[in-house]
Structures are given as structure tokens and as C-alpha cells.
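Here, residue 1 is the first one in the sequence, and each next residue gets the next number. Computed from a prediction, not measured in an experiment: that's the story for all the values here.
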Amino acid sequence: MKPIKSYACRQLCRWLLVLVVAALAVQACSNDDAAPDDAGPAAAPGAEQGPDPAQYTQQVVQDAIDMYESSGLDAAVAHYSDPASIDGQWYVFIIDGDGALLAHYQPERVGQSLHGWIGTDINGYEFGPEMMSADHNGKWVPYVFTNPAGGVLDDTAELAFELKNAWVVRHDGLLFGSGWYISAEEFLPELIAEAAKHYRSGGLEATLAFYNNPQGISAGLETAVRYYNSTNTVDGYFTGIIAADDGEIVSHIDPAIIGTAIEDLLGPAVSKATPEGTWITAEDNDPGAGGPDTMRVWLVDVDGTLIGGGWYTPSGTP
């Protein structure tokens, strides 16, 4: 498989981090006993494809399990190994208890192990162990992969790869999975909007419960972001952030930042945040007014509390 070019690789990884950092920052100020009282998107029996790709993904996986139960493994494997089973961006893969791929629309992958090359994405992130750790409750596992709905299935093509969030469920010793491809420009604002909704209804505690749910939409991303933060795959600093109505930062990936002023960190552009949310960039700060050299942060004003996520390059970074 030919690696994608550096720019494309960096953009994909940057958006992966932008999507997860808000959840990680909120988790950083939580405790291990936070109650998962809101699961976020959840599968609804018999759901039809609609505006919620996460919910539809979970239903696709449940449909595959139902086929296995009603028709047996051989029938399920035959069905989901046929490219005709692809439904837009959705397809099902089935993995045995040892990690060997039993069903996939790309035949060259069948028989390969998640412990080998098929369990590593184009950027070197080993997502195979994350999939293998899924239990009957299911878990989200993010990685970069080709989107069959994109019209380009040639692995050598630049930008043939997209960020995928896969829902994986262990059933009867097998793993059943499918995934959806994330548009970061749409998904990050939706994620922050959910955080803002929970903050409005129950404060920080409700927000923590939403993000800490192990079956929630952001739960599987932490391992991936830790990988990318430990490599030179991306540039810049990635974080989620919450600032109280007096401007004091109360949640941030870096504990050293907590207690400082959000305007000192991101510049006066933070005043542009709205209840609906908006992107702020370094260009929104007047010259000489302070703030990062580069920045792209989605920021929501919740009755004076600012909740957001994105990336920035601190001023003076070489």
C-alpha cells in the first residue's frame, strides 16, 4: 500500500485530533466514577438511514448480528463479502476470535489478521488491539481508511482516505463491525453542541457523564489521539477547552493551563463566540493583540461559559 502524501496525512490526523480534543479535555477534569447517564447516539431497532450516521452504523451492525443468528455464519460471511452488500459508505466486516478477518468487501483482506497490516491504518496507528478489546456492549474505534462512497477505491490515490469511526460488537466469540466517515467541519460543531446542551441542562457534571460514557460517540478516540500526540504526524497543539464566565480556564488537556485566562491563551477573538458557536482563527485577533500564531477553534458561548475545541500553534513556536 502506497502511503498518502505528507500534506494529506497531516490534514487527516489534524482533523482526527480536532474531533477528539474537546472530549479529552472534559474527561481530564472528571473522575473515574462519572455516571454514563446519557449514551448519546443509540441504535433503534429497525431504524432507517437518516441524519444520524452513528445511530445508523449501530443498526447496520445489529442487522449483521441478526443475519448471523438467523442464517448462520457461512451465509453472513458470503453476504458481507459481496461488494453488493455495500450501502453507501456502510459495509460490514466480521472477525473471528483470533483476529482473522472472515468477511470484507475487499477480498485481499479476508484471512488476514488484525494483529498484522490490516490492523494498522495508513498513518501507522494500530487500531487492531482496540477492535479486539470490544465486548458485547460495543465500542467505537477510529482510524483512517478508504470510503467506498467516495468513488475512489484505489489505495494509491491521494486523498482516497478518510477518517472512519467504526462500531464494533463482540457476539458469540466473533466481532461484527461497520463504520461511518466523519466530516470534521460538521462533526466537531455537533460534538460541542451536545456538550453545550448537557452543560445547560446539568452543568459540568452532566457534560462529564455524556463524554465519559464508554459506549458514547467520543469514547473510542482517546487511544488514537494519544498515538498521534506521541508522533511527528501532525503540527500544532490540540485541545478542548472550557472557560468559566469570568474567563478562567477550568478544563484543558494541559493541567498547567487550567486557572489561566482564555483571552491570554487564544486572544481577544474569544469574544466572538456565540450561543450557536463559531470558528475563530488567528486572523480574528487584531495585529499585536495577542493570541496564537495559527488557530482554528470552534467556540460556543453558553450563558458566558465558553466551550470549544480545536488546534493552535502557540506564539513564537518555531
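Crowding of Asp74 atom CG: a count of heavy atoms from other residues, nucleotides or ligands under 6.0 Å not exceeding 12.
Using a 4.5 Å heavy-atom cutoff, the side chains of Ile241 and Ile249 are in contact. Contact check for Phe127 versus Thr120: no side-chain heavy atoms found under the 4.5 Å cut-off. A heavy-atom distance below 4.5 Å is not found between the side chains of Leu114 and Leu101. The closest side-chain heavy-atom distance from Met131 to Phe93 is below 4.5 Å.
Between the side chains of Arg109 and Gln106, a donor-acceptor pair is found at a separation under 3.5 Å. With no hydrogens or angles considered, a side-chain donor-acceptor pair links Thr57 and Trp90 at under 3.5 Å. Under 3.5 Å, the side chains of Tyr68 and Asp172 contain a donor-acceptor pair of N or O atoms. Under the 3.5 Å distance criterion, with hydrogens and angles disregarded, a donor-acceptor pair is assigned to the side chains of Tyr56 and Asp87. For the residue pair Gln89/Trp180, the side-chain donor-acceptor check at 3.5 Å is not satisfied.
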Identify all side-chain donor-acceptor contacts of residues 257-266 below 3.5 Å with residues at least two apart in sequence or on another chain.
| residue | atom | partner | partner atom | Å |
| --- | --- | --- | --- | --- |
| Thr260 | OG1 | Ile257 | O | 2.5 |

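Rounding to the nearest 0.5 Å gives a distance of 8.0 Å between CD of Glu283 and CE of Met295.
Remark: the backbone N or O of Ala289 is not paired with any side-chain donor or acceptor of Asn285 at under 3.5 angstrom. With Arg170 contributing its side chain and His136 its backbone, the two residues share no donor-acceptor pair below 3.5 Å. Distance alone, capped at 3.5 Å, places no donor-acceptor pair between the Ser81 side chain and the Ala78 backbone. Proximity of a side-chain donor or acceptor of Ser70 to a complementary backbone N or O of Asp66 within less than 3.5 Å is detected. Distance alone, capped at 3.5 Å, is enough to place a donor-acceptor pair between the Asp96 side chain and the Asp98 backbone.
Taking the six-membered ring where tryptophan is involved, the planes of Tyr91 and His104 are perpendicular, since the angle between them exceeds 60° and thus also 30°.
Minimum interatomic distance between Gly111 and Ala100 (heavy atoms only, all atoms of both residues): O-CB, 4.4 Å.
Val60 is connected to Ile65 through a chain of hydrophobic side-chain contacts under 4.5 Å among Ile, Leu, Val, Met, Phe, Trp and Tyr, so both are in one cluster.
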* Asked: Ser133 and Lys139: side-chain hydrogen bond (donor to acceptor under 3.5 Å, both in side chains), yes or no, with the steps?
  -> CA-CA 9 Å; Ser133 68; Lys139 71 179 299 184; 2.8 Å; yes
